[in-house]
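Let me begin by presenting the structure, written as structure tokens, before commenting on it.
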Amino acid sequence: MKMPDENKLAKRKKWNQSIAFWIFRLLSYFIVAILFSILSFIIYKGVGVINWNFITQMPEEGMTKGGIFPAIIGTLCLVAGSMIFAFPIGVLAAIYMNEYVKDGIIKKSIKQMTNNLAGIPSIVFGLFGMSLFVNKLGFGDSILAGSLTLGLLALPVVIRTTEEALKAVDDTFRHASLGLGASKWQTTRNVVLPIAFPNIITGLILSIGRVSGETAPILFTVAAYFLPKLPTSIFDQAMALPYHLYVLSTSGTNIEASRPVAYGTALVLIIIVLIANLLANGLRKYFGKKVKMN
Amino acid sequence: MKTFYKKFSEKFIEGLLLLSSTITTLTVLLIVVFLFKEGLGVFNQKPVEEGFVIALNKQNPVNKLSSAQLKNIFDQNITNWIEVGGKKDSIILFRMEDITNYYSEEQIGEQYENLPQCISKVVDSLPNIIAFFSTKYLDKNFQGKQLDIDKISFKEFFSGKEWFPTAQPSAQLGVLPLILGTLWVSLGAILLALPLGLAAAIYMSEIANENVRKIMKPLIELLAGIPSVVYGFFGLVIIVPLIQKTFDLPVGETGLAGSIVLGIMALPTIITISEDAMRNTPRAMKEASLALGASKWQTIYKVVVPYSISGITAGAILGIGRAIGETMAVLMVTGNAAVIPHTILEPVRTIPATIAAELGEASNGGLHYKALFALGCILFIITLIINLTVEYISNRKKYNNR
């Protein structure tokens, strides 16, 4: 009498499990499908627009024709500027956090503040950048103001990735170096940093990907709707890819006619992000193997 | 000497490192100072633009009007003085351009040199008048009385239902529709994203084999890496027309469009954090459950999910945080109407979108500018609360495990 019941129960258990698993599997595939539909839509619409002229020419006829060269240059300037500021400071801060300071109130509070900074919405960075760099310090709408604002935004990302890279370095390396009489800084510079270097660079690449797509912080600190010439100094305004896409798709003079350029701009942005992600993953994989082999 | 030099440079470098690590703290403090200095300035200002006067006839018993009353008077929703505590007489509106109804152009003069006297006389002659004009034309011997206008109050700011920062004569700074709009859109986003994200997290950490996981993980990272303006663009050209067609609406830019786009954007946060939490479930716990005859699915919902519930909560809260602070995508797809939403198929306007859309037009240091900074303060406080909550939840988890 007991046997069939148990069989039934086991069967139902199995049934439930396979239904649940299939639901989870389908939902997961659905998310991947969303990603691919976004990517393929923009690639499909944008790939016909992109050619050499599109990348190297100035916009023409109210931005309905011509290229996006000044926006690309502007974004490059902003990325370079923000990284010059954020990368060294971020790496040094991470070294201090991971190699120098002991567990305690200082470490905890610095960590908390870094987390808080990471959680602040990008538009608030824009407000802050506008009131401090543009107005108070008098930089005006400029590449300098925009770069500093973006740099502050990227700082927590750089700190976090660098910290993870440093944590991944085995303690035996440090002990060996210190045991040989090297100082703390010598150990950090000659032993820890070289080993962690690939992962630190991975973090740098990821933050470049992030910074190049940010729009809200540059709205009021640097971005220009249209400039007929390229920026010549760090106190000039500049166009930028994400802002260009925003303007083209919402407030351009002729939205329908500028759609192809918008698709092209979106594709260029996607390509930058894709390259950054692929590069970061490739580096991670390549150096991950190498370290293990040692 | 050499050891001294070495010691010195060690100390110097340590100082440099310490300095670098204080930059984040410094930035947060500076953000607080700048944001709140400008933002709190709102409560020290009158809603009427500087350089303008509102004047009444001397005999009018009314001495004070709130900004909402002013707006209703000039919109002719209030037409009688009795409604604002005066005598029972209908209100006569007077704006600067109305002067031509009372005096000819010659009387006013070519250079408007007689305008101040004319305004003064008009205000003096009509007991039920309310006049709004520039201080430039305020006569030295003005015969009316200037109205005392309340400063913008905390209560008015947070419970006001109208956001017209550039309205004349009196700016309407009620943030309630913006706060509700933000919460509305974010709530919708999390309702869409949480089930999806949780399913994906469970699938990746418990069901899928290592190879599938290795493919999915970078894809989720990629989803997180796509710039928000691209999401907004995608929403604008695909999701917005789709909603318009499906629900047969006049415009497709609605709260629902915002929720869908934000939901997609919140997915990576939810998935990554909950997956991490689930993978941290001790193996012994899972194996104990399996050894007792539970199926893998029973183990997941009876052991893994309860164990990692604080991580899942943290992921969900951070997802909400990301949705609340998101600017560009929302700005592009929600239609930006500053009214309190009643259904998800209406245009709504969020706090970040308002800042992004209006700061460019607000004059530096003016009332509108300060009001937008006050919005920034609200946003900052919301995200700070979210961060501290997450911190608290993950800390509590650690203590429980000991």
Side-chain angles (χ1 to χ4, degrees), chain A residues 13-14 16-17 20-21 23-25 27-28 30-32 34-35 38 41-42 89 92-93 95-97 100 110 112-117 119-124 127-128 131-132 135 152 155-156 159 183-185 209 213 215-216 219-220 242 245-246 249-250 262 266 269-270 273 276-277 281, chain B residues 6 10 13-14 16-18 20-25 27-28 30-31 34-35 38 196 199-200 202-204 207 216 218-219 221-223 225-230 232-234 236 238 264 267 295-298 321 325 327-328 332 352 355-356 359-360 364 373 376 379-380 383-384 386-387 391:
Chain A
K13 217 159 87 176
K14 230 178 165 182
N16 282 347
Q17 167 154 329
F21 281 17
I23 291 173
F24 290 144
R25 189 169 291 137
L27 288 177
S28 306
F30 178 60
I31 292 175
V32 176
I34 292 174
L35 173 69
I38 295 175
F41 172 74
I42 285 173
I89 293 182
L92 291 180
I95 290 174
Y96 185 75
M97 296 278 284
Y100 280 78
I110 293 178
Q112 178 71 51
M113 279 302 192
T114 311
N115 278 345
N116 288 344
L117 192 66
I120 292 175
S122 54
I123 187 73
V124 175
L127 279 177
F128 171 65
S131 66
L132 176 63
N135 294 339
L152 290 178
L155 201 52
I159 292 179
S183 69
K184 207 160 195 175
W185 174 241
T215 320
L219 276 178
F220 314 111
L245 175 58
Y246 166 64
S249 52
T250 58
L269 269 174
I270 290 275
V273 172
N277 271 279
N281 271 319
Chain B
K6 196 173 157 188
E10 284 285 318
I13 286 165
E14 191 170 341
L16 195 70
L17 296 175
L18 174 64
S20 303
S21 62
T22 54
I23 296 272
T24 51
T25 312
T27 309
V28 174
L30 275 177
I31 289 180
F34 272 83
L35 225 57
E38 300 278 11
L196 266 180
I202 291 175
Y203 180 69
M204 280 168 68
I207 302 170
M216 275 194 76
L219 289 180
E221 261 171 44
L222 188 59
L223 201 61
I226 295 177
S228 64
V229 66
V230 173
F233 181 62
F234 178 78
L236 193 65
I238 296 288
I264 299 175
L267 276 175
S295 69
K296 222 173 157 189
W297 166 232
Q298 284 170 324
T327 315
M328 299 316 291
M332 290 162 86
I355 299 174
L359 191 60
N364 202 340
F373 270 84
L379 207 56
F380 178 84
T383 46
L384 194 68
I386 284 176
N387 268 329
E391 199 82 4

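Just so it is clear: chains get the letters A, B, ... in the order the sequence lines come, proteins before strands, and each one is counted from 1.
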With chain B, which of [options] has the greatest number of heavy-atom pairs at distances under 4.5 Å?
options	result
A:L117, A:I270, A:I23	A:L117
A:P156, A:S131, A:A216	A:S131
A:L132, A:N115, A:N16	A:L132
A:N116, A:L269, A:I34	A:N116
A:N135, A:I42, A:N281, A:I159	A:N135

Spatial distance of atom CG (A:L35) from atom CG (B:L219) [nearest 0.5 Å]: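 That separation rounds to 6.0 Å.
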Inter-residue atom distance B:E10.CD - A:Y100.OH, 0.5 Å rounding: 5.0 Å
side-chain contact (heavy atoms from CB on, under 4.5 Å) evaluation trace for B:T383 with A:V124: CA-CA 11 Å; B:T383 46; A:V124 175; over 6 Å; no
Most contacts with chain A, counted as non-hydrogen pairs under 4.5 angstrom, among B:I386, B:I264, B:L30: B:L30
Top contributor to chain A contacts, counting heavy-atom pairs under 4.5 Å, from B:T22, B:L222, B:L16: B:L222
Within-4.5 Å side-chain heavy-atom neighbours: B:L196 and A:I31: yes
Minimum side-chain heavy-atom gap A:V273-B:P227 below 4.5 Å: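 Of all side-chain heavy-atom pairs linking B:P227 with A:V273, at least one is under 4.5 Å.
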Does any backbone or side-chain atom of [X] lie under 4.5 Å from a heavy atom of chain A? Answer side chain, backbone, both or neither.
X	value
B:E221	both
B:L35	side chain
B:M204	neither
B:E391	side chain
B:L384	side chain
B:I31	both
B:I13	side chain
B:L18	both
B:I226	both
B:T327	side chain
B:I238	side chain

Side chain to side chain donor-acceptor pair (under 3.5 Å) partners of B:S228, counting only residues at least two apart: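 Testing B:S228 for side chain to side chain donor-acceptor pair (under 3.5 Å), a comparison that skips the adjacent residues, returns B:E326.
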Smallest separation among heavy atoms of B:I355 and A:F220, with atom names: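 Taking every non-hydrogen atom into account, O-CZ, 3.7 Å.
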Nearest heavy-atom neighbours spanning A:I123 and B:G325: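 So the two residues come closest at CG2-O, 4.5 Å.
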Listed partners of B:W297 passing ring pair (Phe, Tyr, Trp, His ring centres under 6.0 Å), at least two apart: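 Partners of B:W297 by the ring pair (Phe, Tyr, Trp, His ring centres under 6.0 Å) criterion, ordered by chain and then number, come out as A:F24, B:Y301.
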Pair B:L359-A:L127, side-chain contact (heavy atoms from CB on, under 4.5 Å): steps then yes or no: CA-CA 9 Å; B:L359 191 60; A:L127 279 177; 3.5 Å; yes
